Peer 1: 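Structure provided below as structure tokens; questions to follow.
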Amino acid sequence: MKKTVKDINVAGKKVLVRCDFNVPMKDGMITDDRRITSALPTIEYLSAEGAAVILMSHMGRPKGEPKPEYSLKPVADRLTELLGREVIFAASPQVVDENVKKMADDLEGGQIMLLENVRYRAEETKNEEPFTGELASLGEIFVNDAFGTAHRAHCSTAGLAKYMPSVSGFLIEKEVKFLGDALEAPERPFVAIMGGAKVGDKIPVIENLLKKVDTLIIGGGMSYTFFKAMGYEIGTSILDEESIGLAGDLMKKAEAAGVELLIPVDTVCAKEFDNNSEKAVFDRDKIPADMMGMDIGPDTIKLYCDVISRAKTIVWNGPAGVFEMPSFAEGTKAIAGALAESDAVTVIGGGDSAAAVEQFGFADKMTHISTGGGASLEFLEGKELPGISCLEDK
Ligand code: ADP
Ligand code: MG
């Protein structure tokens, strides 16, 4: 267990807080502020306890240069709205400079300020000096609450821990609790649902989950690589050629471990990768040469929803089909609906799966939707995340 902001005295201290404010933007406007609202409990707590709160985050990939389109100014404005009081924005192309140092010095207990995009500095993603030291000069305590970047060892996510007492915020605490409990102490049956585009990306996760789950369900684009491993023709479906052998190995591993591995029995196919393309359902061994699998079929939906309804813990990563196209969203929608109806602990990891759950209106029916795509995958893989391991133990 890692120490949290509740385990240390923060009153009157300058507290550096790494958040994940990497929100989607369009034409200078924030299109989804879930990452900002997820960070509010930690910010509100620290401020109420009398800490001078200095927030840090990255946004996008400015690649070590101050690019105005990646400025965090819109985030400061949204934070000001959401918190109902001013969040001072420390605009500086260098992120930290003499003026920013003065602003941090002058910041009083309870006040909140936000630094500019830490990835304006090339050192950030390399976890190098002098940037880490410059950030460190602003504060006395480091709080990491950026789960979305916890799998990266950067200046602002891990480097700062060398300089000062370091603890987690409430968001990281929550993510570790839900993802960790699901993996380490699941109520059974424990079912994992894996989907998405490529098997290759998710093999290490599937391998780790095979050691823990009772049933592993396969869906989405990766299904066709499994079909291929089973000796079926897959038409023009997405194929992860390099992973055919690995898919076969996973089937053998599941059998040896006594884990039920479910692979779709039928699939919705289309001629083109297009919402308006002609479509039809085929059994998995009958995909026509000129069609591609776009979604799981109705028999598969029935089979999967039945297994889901009996589960007590469910982890879901990766959509069952091309859910962005309404014609091929049925499978993903049915799975999301089955999770929403279930009384099991339901944990969603993965950016697109989280977006699907939101899009279908089931978000508030889930036990936990992880805010970290890559980070939640690495967590499910059983890897140590540097942004978490650098924090002090209780
Ligand atoms: P997550 O972000 O939840 O981890 P991934 O990024 O692995 O999920 O995969 C999501 C993508 O997989 C979606 O864009 C979806 O359209 C795509 N996908 C799902 N099924 C198929 C399919 N049959 N063919 C091609 N792409 C698919
Ligand atoms: Mg994704």
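Just so you know, ligand 1 is whichever comes first in the structure, and atom 1 is the first atom listed for that ligand. Just so it is clear, the model here is predicted, and its values are computed rather than measured.
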Peer 1: Is the side chain of D145 donor-acceptor paired with the backbone N or O of C19 at a distance under 3.5 Å, no angle test?
Peer 2: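 No; judged by distance alone, with no hydrogens or angles, the pair does not exist.
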Peer 1: Counting heavy atoms only, which of G221, G321, G349 is nearest atom 22 (C) of ligand 1?
Peer 2: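 Among G221, G321, G349, the closest heavy atom to atom 22 (C) of ligand 1 belongs to G221.
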Peer 1: Would N317 count as a contact residue for ligand 1, given that I'm defining contact as a non-hydrogen atom of the residue lying under 4.0 Å from a ligand atom?
Peer 2: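 For ligand 1, residue contact (heavy atoms, under 4.0 Å) with N317 is present.
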Peer 1: For atom 27 (C) of ligand 1, state which one of D352, D295, V322 supplies the nearest heavy atom.
Peer 2: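 Looking at heavy atoms only, the winner is V322.
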Peer 1: For G293, state whether at least one heavy atom is located under 4.0 Å from any atom of ligand 1.
Peer 2: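 The answer is yes, since G293 has a heavy atom less than 4.0 Å from ligand 1.
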Peer 1: Is a salt bridge present between K253 and D249, judged by a nitrogen-to-oxygen distance below 4.0 Å?
Peer 2: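 Not counted as a salt bridge, because no side-chain N and carboxylate O are separated by less than 4.0 Å.
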Peer 1: Let me check something: any side-chain donor-acceptor pairs from residues 58-68 under 3.5 Å, sequence neighbours excluded? List them with distances.
Peer 2:
residue: H58; atom: ND1; partner: R18; partner atom: NH2; Å: 3.2
residue: H58; atom: NE2; partner: N22; partner atom: ND2; Å: 3.4
residue: K67; atom: NZ; partner: P62; partner atom: O; Å: 3.1

Peer 1: Relative to each other, are the rings of F170 and Y45 parallel, tilted or perpendicular (30° and 60° limits)?
Peer 2: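 Taking Y45 first and then F170, their aromatic rings stand perpendicular (interplane angle over 60°).
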Peer 1: Would you call K13 and E140 a salt bridge, using N to O less than 4.0 angstrom?
Peer 2: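 No, no charged N to carboxylate O under 4.0 Å.
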Peer 1: Going by the rule ring-ring contact (aromatic ring centres under 6.0 Å, His included), which residues pair with F227 if we only count those two or more places apart in sequence or in a different chain?
Peer 2: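 In terms of ring-ring contact (aromatic ring centres under 6.0 Å, His included), with neighbours along the sequence ignored, F227 is linked to Y224.
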Peer 1: From atom 11 (C) of ligand 1, work out which of G374, A197, G219 has a heavy atom at the shortest distance.
Peer 2: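 When every heavy atom of G374, A197, G219 is considered, A197 comes closest to atom 11 (C) of ligand 1.
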Peer 1: Return the set of residues passing side-chain hydrogen bond (donor to acceptor under 3.5 Å, both in side chains) with D106 (not counting sequence neighbours), or none when no residue passes.
Peer 2: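 Here the qualifying residues are K102.
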Peer 1: Output, by chain and residue number, all protein N/O/S atoms separated from the Mg ion (ligand 2) by less than 2.8 Å.
Peer 2: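 Correct list: D352 OD2.
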Peer 1: Does K279 count as lying over the ring of F328, i.e. NZ or CZ under 6.0 Å from the six-ring centre, within 45 degrees of the axis?
Peer 2: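 So K279 does make the cation-pi contact.
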